[in-house]
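Okay, structure first, notes after.
The chains referred to below are lettered A, B, ... by the order of the sequence lines, with proteins before strands, and numbering in each begins at 1. None of these values were measured; they are calculated from a predicted model.
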There are 2 protein chains.
Amino acid sequence: MKKEKELYRKFLRSKNLKLTKPRLIIMEAVFENHDHFNVDDLYEQIKKKHKNVSRATIYRTVPLLVESGLIKQSLRCESKDIYEHTYGHENHLHFICINCGKIIESGFNEVANLIDKLAEAKGFKISEYNLGARGLCKNCKKNKE
Amino acid sequence: MKKEKELYRKFLRSKNLKLTKPRLIIMEAVFENHDHFNVDDLYEQIKKKHKNVSRATIYRTVPLLVESGLIKQSLRCESKDIYEHTYGHENHLHFICINCGKIIESGFNEVANLIDKLAEAKGFKISEYNLGARGLCKNCKKNKE
DNA sequence: ACTTTATTGAGAATGAATCTCAAAATCACC
DNA sequence: GGTGATTTTGAGATTCATTCTCAATAAAGT
């Protein structure tokens with residue numbers, strides 16, 4: 001947790017961006033969340049803590065967090081852009097339910113190993129995986145019958 | 001080309017959907033396109049042929065084509081949903097070079113098989129895969145040294 | 001043809017993301 | 001710890017892809 005904040009501060013400095021309150025509040029909210037989130041989630045989360053930050057600011061700040069490498073954009077869900085942690089978090093394979101929006105995470109290492117091999121065969125050096133699939137989760141599959 | 005049309009007709013019938021002119025015109029436009037397209041592309045393409053179909057109808061029809069398995073939703077581009085052919089087109093794993101933007105396609109079946117197993121273990125029914133990785137291609141990797 | 005039922009078109013509505021600009025905050029400098 | 005140049009913020013307006021509405025139209029079984 002400490003390290004992430006330090007990295008973020010360094011990143012802002014290196015870009016000559018100011019360490020403002022809203023930027024710190026948003027970062028904290030992001031690190032309280034331990035899996036996926038979208039801008040609306042952050043907005044509600046911050047509001048609950050009585051710290052007010054406008055949606056516009058969150059929309060402006062999230063791309064900075066992405067650029068800093070602490071989070072990354074994931075597959076969209078319910079027509080919203082969603083984000084996930086990258087720093088200190090295992091990579092996951094995501095199954096997104098097209099009916100209810102639920103995200104199911106699954107093991108990743110096996111898949112990554114296989115993909116690493118394929119990439120190596122092409123001389124490609126992977127820095128970030130994007131692995132997922134859309135479909136129906138257990139419940140929604142059942143209800144469709 | 002013939003087969004795809006036949007499959008589409010069968011699909012519509014199996015769903016008790018009518019074989020209307022707009023639905024056929026849209027299907028033809030889709031099959032004239034041989035790689036990626038979005039709703040706007042289709043709209044312009046159809047208009048050029050003096051066949052008029054409203055945007056609303058295209059928006060309603062594209063999901064049918066997806067459901068029928070002839071096309072699938074791909075990664076969005078310029079904040080528009082884009083689609084790509086699946087029928088008669090191999091699935092690919094995309095390696096995207098973050099330096100030069102090149103897309104390298106790689107085999108897919110092995111990976112898909114593995115992912116199918118993982119999904120099954122979670123009771124998840126996959127309808128569409130999104131598999132890729134970002135990194136450096138052979139050339140760019142070399143040039144960075 | 002006729003009738004029922006699904007589909008279409010045109011424009012209105014929605015909603016996530018972006019933009020605008022005056023007011024407020026940061027920070028380098030004194 | 002104040003001052004001023006420069007960024008950043010908030011609030012609401014705006015944009016634009018997508019979805020919805022509903023009267024008019026078309027499909028297809030009889």
C:dT8 phosphate, OP1 or OP2, under 4.0 Å from B:Thr20 side-chain N/O: yes
On the nucleotide C:dA17, are OP1 or OP2 found under 4.0 Å from the side-chain N or O atoms that A:Arg76 carries? yes
In this structure, how many angstroms lie between the [atom2] atom of [N] and the [atom1] atom of [X], rounded?
| X | N | atom1 | atom2 | result |
| --- | --- | --- | --- | --- |
| A:Arg60 | D:dG10 | CZ | P | 8 Å |
| A:Arg23 | C:dA25 | CZ | P | 15 Å |
| A:Lys51 | D:dG10 | NZ | P | 13 Å |
| A:Asn52 | D:dG10 | CG | P | 8 Å |
| B:Tyr43 | C:dT8 | OH | C1' | 14 Å |

Over all strands shown, is [X] touching base, sugar-phosphate only, or nothing at heavy-atom distances under 4.0 angstrom?
| X | answer |
| --- | --- |
| A:Arg13 | nothing |
| B:Asn38 | nothing |
| B:Arg55 | nothing |

Checklist entry - Does the side chain of A:Asp41 come under 3.5 Å of the side chain of A:Tyr83 through a donor N or O and an acceptor N or O? => result no
Pair A:Tyr43, A:Asn52: side-chain N/O donor-acceptor within cut-off below 3.5 Å
no
On DNA chain D, more 5' by nearest nucleotide between B:Lys18 and B:Val39 is B:Val39
Whichever of B:Asp40 and B:Ala56 has the more 5' nearest nucleotide on DNA chain D, that residue is B:Asp40
Cationic N near anionic O, under 4.0 Å, A:Glu28 to A:Lys49:
no
Worksheet item: Which word best sums up how the rings of A:Phe31 and A:His85 line up, parallel for under 30°, tilted for 30 to 60°, or perpendicular for over 60°?
Response: tilted
